[in-house]
*Asks:* 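My questions will all concern the structure given below.
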2 protein chains.
Amino acid sequence: MVGRKPERKSAPPTDVRAHVLASATRLFAARGFDGTSLQAIADEVGVAKPSVLHHFPSKEALRASVLDNMLAHWSEALPRLLLAATAGEGRFDALVGELISFFAADTDRAKLLVREAMDRPDEVRLLLTAQVRPWQTAISEYIRKGQRHDEHFADVDAEAYVLHVINLVIAGLAVFDTFRVLLPDASVAESRARYVTEIIRIAKSSLFAGPALSAEPRDPSLEGAPNRRNGTTR
Amino acid sequence: MVGRKPERKSAPPTDVRAHVLASATRLFAARGFDGTSLQAIADEVGVAKPSVLHHFPSKEALRASVLDNMLAHWSEALPRLLLAATAGEGRFDALVGELISFFAADTDRAKLLVREAMDRPDEVRLLLTAQVRPWQTAISEYIRKGQRHDEHFADVDAEAYVLHVINLVIAGLAVFDTFRVLLPDASVAESRARYVTEIIRIAKSSLFAGPALSAEPRDPSLEGAPNRRNGTTR
DNA sequence: CCTACCGATCGGTAGG
DNA sequence: CCTACCGATCGGTAGG
């Protein structure tokens with residue numbers, strides 16, 4: 001009945017498609033797919049609803065594009081991750097660190113993945129099998145090699161371990177905005193630093209056998225790595 | 001326009017309120033609050049939509065009741081958990097084991113909590129502060145005591161550690177139905193056993209210092225506990 | 001990129 | 001517990 005206000009946004013009036021994609025990503029992550037109307041997206045971008053459907057044939061297509069877009073960013077980050085995984089000493093730290101960096105850079109990525117896992121299990125199962133399983137297998141074999149050399153705990157279930165580390169990072173960052181009330185530091189950045197540092201510590205100390213970590217530091221050269229031990233006793 | 005089929009269900013025709021609550025719990029967990037219509041709930045129960053709204057004044061009230069109902073079950077499980085936490089040797093195993101039991105008994109509980117954390121951060125923040133923070137504080141103090149006796153790693157961030165264990169259990173079980181494709185065991189029960197056993201192992205071995213776990217078992221009496229080490233080398 | 005509009009479905013109400 | 005119905009909003013289309 002009532003006409004919608006044109007309401008120009010601060011962003012350039014061109015590039016509507018990219019703007020729609022960005023708004024949809026934010027809103028799907030925050031409220032979920034079913035909790036987000038095309039009208040809400042159109043309002044944020046500052047266009048009429050049919051304009052959204054000009055760039056994406058349907059709401060379902062928009063959802064697929066949002067996911068594709070995130071996976072494209074992941075492919076972009078892959079080379080850095082591969083490089084980290086092959087570096088000498090701090091391989092493990094660097095690998096987990098890169099994983100965390102990707103999802104910490106934009107927690108919408110983590111939220112979208114967790115929502116998809118719950119809303120569209122079949123779709124995500126296919127995605128996991130195609131995109132994650134090769135990594136899981138490779139890392140698991142690396143872990144078993146370490147187990148034969150007594151570097152890793154003998155009772156680690158390699159495949160399950162990899163899953164739980166992935167879950168720690170992704171689900172952990174997906175709910176961080178909510179859970180951070182239980183880490184009431186001075187700044188959000190500070191509590192997030194604590195949060196991710198502890199993820200890395202848990203992942204590492206539940207894998208590496210050898211001398212107790214608190215007794216003798218394994219390698220002083222790791223101190224400069226993005227994830228340092230700082231013995232928080234609070 | 002068209003009339004809805006009455007379509008009796010196998011469950012007794014009385015007890016409609018409980019039936020609505022059960023259906024709503026299942027559907028909210030599986031499809032989310034916004035993805036579930038009152039009509040879908042009514043259809044499952046086998047009543048007309050207004051009958052649902054006779055038992056619950058609004059959809060929002062139904063959501064609150066679903067959450068309340070779950071928290072009531074939690075309160076029911078608390079005594080067993082408290083008992084486990086004060087038992088002698090296997091305290092830690094028993095505590096984490098009870099936490100897992102509660103959410104493994106019905107993964108809808110985990111899914112609902114994860115969905116609420118993402119959909120209603122403010123509400124869940126209040127819930128965390130009131131219901132979880134006291135536990136987090138108590139367990140953190142216990143951990144710091146252990147740290148002073150060199151039983152626990154010195155670099156554990158107690159508060160963050162507790163959060164991550166909670167996240168491992170709850171988010172882990174919330175996405176298990178989807179993630180289990182990456183643990184392709186003979187039966188679902190088998191892969192879930194592997195999955196939760198590894199959660200307990202990660203939680204434990206990232207906390208307890210002392211002799212390497214794979215070297216000398218801490219206490220043979222733990223073997224009978226619901227969570228046993230079985231050195232999965234696959 | 002817009003206005004104008006479609007049928008379907010949403011949560012909820014009236015009234016019995 | 002039902003039928004009948006409400007206004008609002010949903011995703012999507014027509015047509016320019």
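Just so you know, these numbers come straight off a predicted model, no measurement behind them. In what follows, every chain begins at residue 1, and chains take the letters A, B, ... in the order their sequences are listed. Side chains included, hydrogens not; waters and symmetry mates left out as well; all remaining heavy atoms used.
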*Asks:* Can you tell me which nucleotide in dT3(C), dC1(D), dC1(C) comes closest to the side chain of His54(B)?
*Replies:*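 Of the options given, the side chain of His54(B) lies nearest dC1(D).
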
*Asks:* Quick one: stems for DNA chain C, with Watson-Crick or G-U pairs under 3.5 Å, at least three in a row?
*Replies:*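 Output for stems: C:1-16 with D:1-16.
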
*Asks:* For residues 76-83 of chain B, run the donor-acceptor check on the side chains, cut-off 3.5 Å, and write out each pair with its distance to 0.1 Å, sequence neighbours left out.
*Replies:*
none

*Asks:* Check this for me, if you would: do Arg201(B) and Asp157(A) make a salt bridge, where the nitrogen-to-carboxylate-oxygen distance has to be below 4.0 angstrom?
*Replies:*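 Salt bridge flag = no for Asp157(A) with Arg201(B).
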
*Asks:* Using atom types as modelled and distance alone, determine if a side-chain donor or acceptor of Gln136(B) lies under 3.5 Å from a backbone N or O of Leu182(A).
*Replies:*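 Yes, because the side chain of Gln136(B) sits within donor-acceptor range (under 3.5 Å) of the backbone of Leu182(A).
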
*Asks:* Check whether NZ of the Lys or CZ of the Arg Lys59(B) lies under 6.0 Å from the centre of the six-membered ring of Phe33(B) and within 45 degrees of that ring's axis.
*Replies:*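 Satisfied, under 6.0 Å and within 45°.
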
*Asks:* According to side-chain hydrogen bond (donor to acceptor under 3.5 Å, both in side chains), who are the partners of Glu60(B), at least two apart in sequence or on a separate chain?
*Replies:*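 Per chain and number, Glu60(B) pairs via side-chain hydrogen bond (donor to acceptor under 3.5 Å, both in side chains) with Arg120(B).
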
*Asks:* With sequence neighbours excluded, what pairs up with Ser23(A) under the side-chain hydrogen bond (donor to acceptor under 3.5 Å, both in side chains) test?
*Replies:*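 Here the qualifying residues are Glu44(A).
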
*Asks:* Side chains of residues 166-178 of chain B: which donor-acceptor pairs under 3.5 Å do they make with residues two or more places apart or in other chains?
*Replies:*
residue   : atom : partner   : partner atom : Å
Asp177(B) : OD1  : Arg180(B) : NH1          : 3.4
Asp177(B) : OD2  : Lys111(B) : NZ           : 2.9
Thr178(B) : OG1  : Ala117(A) : O            : 2.8

*Asks:* Count the heavy atoms of every other residue, nucleotide or ligand shown that sit under 6.0 Å from CZ of Arg125(B), and state whether that count exceeds 12.
*Replies:*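 It does: Arg125(B) CZ has more than 12 such atoms within range.
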
*Asks:* Protein within reach of the bases, or only the backbone? For nucleotides 11-16 of chain C, mark each nucleotide 5' to 3' as B, S or -, using heavy atoms under 4.0 Å.
*Replies:* BBB---

